[in-house]
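First comes the structure, then the notes that go with it.
So that the names make sense, note that chain A is the first sequence line, chain B the second, and so on, each numbered from 1.
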Amino acid sequence: MDLSFIGVVEILGTFSFAVAGAFAAMEKKLDPFGVLIIAFATAIGGGTIRDVLLGRFPVSWLTNAIVIGVIITGACAALFFSGLLRKFDRLLFYFDAMGLGLFTMMGIETAVGAGLGTGICIMLGTVTGCFGGVLRDVLLNNVPLIFQKEIYASASILGGIVFFLLNELLIAPDFAYLAGVLVVFVVRVLAVRFSWTLPRFYDRK
Amino acid sequence: MDLSFIGVVEILGTFSFAVAGAFAAMEKKLDPFGVLIIAFATAIGGGTIRDVLLGRFPVSWLTNAIVIGVIITGACAALFFSGLLRKFDRLLFYFDAMGLGLFTMMGIETAVGAGLGTGICIMLGTVTGCFGGVLRDVLLNNVPLIFQKEIYASASILGGIVFFLLNELLIAPDFAYLAGVLVVFVVRVLAVRFSWTLPRFYDRK
Amino acid sequence: MDLSFIGVVEILGTFSFAVAGAFAAMEKKLDPFGVLIIAFATAIGGGTIRDVLLGRFPVSWLTNAIVIGVIITGACAALFFSGLLRKFDRLLFYFDAMGLGLFTMMGIETAVGAGLGTGICIMLGTVTGCFGGVLRDVLLNNVPLIFQKEIYASASILGGIVFFLLNELLIAPDFAYLAGVLVVFVVRVLAVRFSWTLPRFYDRK
């Protein structure tokens, strides 16, 4: 597994997160500056919250010119070529699902490096993958989507569990990492394909 | 004053904060994962904001397995046994008021340890006690409840003032601490019992 | 340029930010405590987010008694003398625009001191100047105003660009700093005077 594969996935994932954020902002009729901010919040929100909780400063994207460039590109693409981008919405969805998987694993890796327990690592992986979307929804004055429907965070959690199980089985870390990304991706794609949602036990009360 | 008393109050307070968060999330029809997240945000939000403002990393709950277990238990209890829990709502309210008192004092103690001035210490105590609820309301897309009605933050502030006054009088710190918790608890209980609210001077304009 | 000029602008800017926050909170019928919190969030939100992203702890206002006193004064003035304050709304607007300029430059200076790149410095300056208002709107359950209309963040960005251009030209740093403040101020005042808004390219889709 070479690094460049992960690098490409990170760029594609960041791009699709930024585009998703920009589209959500455009639906709320924000001005171009607002669209850019929401694209940023969506793309870097999860990693920023993780870094802040762990005390890693300055937060990682501040010194990552590539990520910043990709986000600006994504926001501009959404602003100027929304018609074109919407034709590729299925492709963007795949990028998004890959990004979710990769960011989850990056969050887990960071938390493992900080010496935290397995459960907390999975939680921080999920935060890294999902809380950009939460921040976007809070800024846009929506109830966060991932709290309501679709298997999103659950895919992250499942990927994290698989990663730790494979690690436990002494699988090579690189392989466990990629398997985790893959599990998140597949669960997310299947969930949307078959409209899976979590059961709401409490509806019956 | 032995430590175990404070330990028990912390667990009961955390539990009741988590349950209150979970119920608020269930009212908004969130899925079980969303309910869990809101329970977490309510229970650890105040302490997290305090730790971030002061620069204490990793934020305290990340390495506190008991707190995490209590929150998950509270969220699951709300999801699966809401009918049962609602029968004990008066008891939960008492736990909640005790938790508010304890978390306020814990926040003050942390701020004192960081060498901050008295006013700021009371403010950080109030943030520790109250801002979990603010975070819950922001995530659920409500105007924060504590900004609108009920004596909530005011109870925190009053408890903080009593704590510093007693300290000034050279009362034993442990006693001042517990007196602070008690003042918050009593003010909060009386406020709800007699529907106290803060006056709104500006309504007359 | 002596320090006292900057000190006066900081106090006036903080005051007007606090008043603006308090008025927004009063429109939402918050209680006096809520009004105070929103005044705080508006006045120190931007600097706090900057400090957290950069890892500067404790965040600056915690140890700045003057800023805290000015905010409390502003909130009380809004609560008790709103009729009087509203007569000076044009003056408050000028203070606000000056504050935006100064806070932007203070943010840039901090980011430069942290060794970050020019683009990120301008971004953090904008965050420092504008995100108090974003935090206020999030807490009050509004879509952030600066994402929707008026040239606000754009004025910050422009001021930041001018500051770096003048620095590049080997202009004395103090002069570049003040020129930056002035550009933000003038752009902001002209924007409100002539109702400038950013174009929304995507409305045509």
* Structure fact -> Assert top hit (heavy-atom pairs under 4.5 Å, partner chain A, pool C:Pro144, C:Gly55, C:Gly117, C:Ala114) equals C:Gly55
* Between A:Asp51 and C:Leu53, is any pair of side-chain heavy atoms under 4.5 Å apart? -> no
* Between C:Tyr152 and A:Asp31, does a side-chain contact (heavy atoms from CB on, under 4.5 Å) hold up when you go through it step by step? -> CA-CA 11 Å; C:Tyr152 200 96; A:Asp31 71 17; over 6 Å; no
* Region of C:Asn142 that comes under 4.5 Å of a non-hydrogen atom in chain A -> backbone
* **Note, A:Val59 side chain near C:Leu54 side chain (heavy atom, < 4.5 Å)** => no
* Any C:Phe147 side-chain heavy atom under 4.5 Å of A:Leu36 side chain -> no
* To do: Select one option (side chain, backbone, both, neither) describing which atoms of C:Val52 are under 4.5 Å from chain A's heavy atoms.
  => both
* Non-hydrogen side-chain atoms of A:Leu62 and C:Leu124 separated by less than 4.5 Å -> yes
* To do: Show your working on side-chain contact (heavy atoms from CB on, under 4.5 Å) between A:Phe33 and C:Ile157 and close with a plain yes or no.
  => CA-CA 10 Å; A:Phe33 175 78; C:Ile157 294 170; 3.7 Å; yes
* Asked: So does A:Leu190 have more than 12 non-hydrogen atoms from other groups sitting under 6.0 Å from CG?
  -> yes
* **Full working for side-chain contact (heavy atoms from CB on, under 4.5 Å) between A:Leu30 and C:Val143** => CA-CA 9 Å; A:Leu30 298 201; C:Val143 175; 3.8 Å; yes
* If you count the non-hydrogen atoms of other residues, nucleotides and ligands that lie under 6.0 Å from CD1 in A:Ile66, is the total more than 12? -> no
* To do: Please look at A:Leu140 and chain C and tell me whether the side chain, the backbone, both or neither of the residue comes under 4.5 angstrom of a heavy atom of that chain.
  => backbone
* To do: Check the pair A:Phe57 / C:Phe57 against ring-ring contact (aromatic ring centres under 6.0 Å, His included), numbers first and verdict last.
  => CA-CA 11 Å; A:Phe57 300 105; C:Phe57 300 106; 5.1 Å; yes
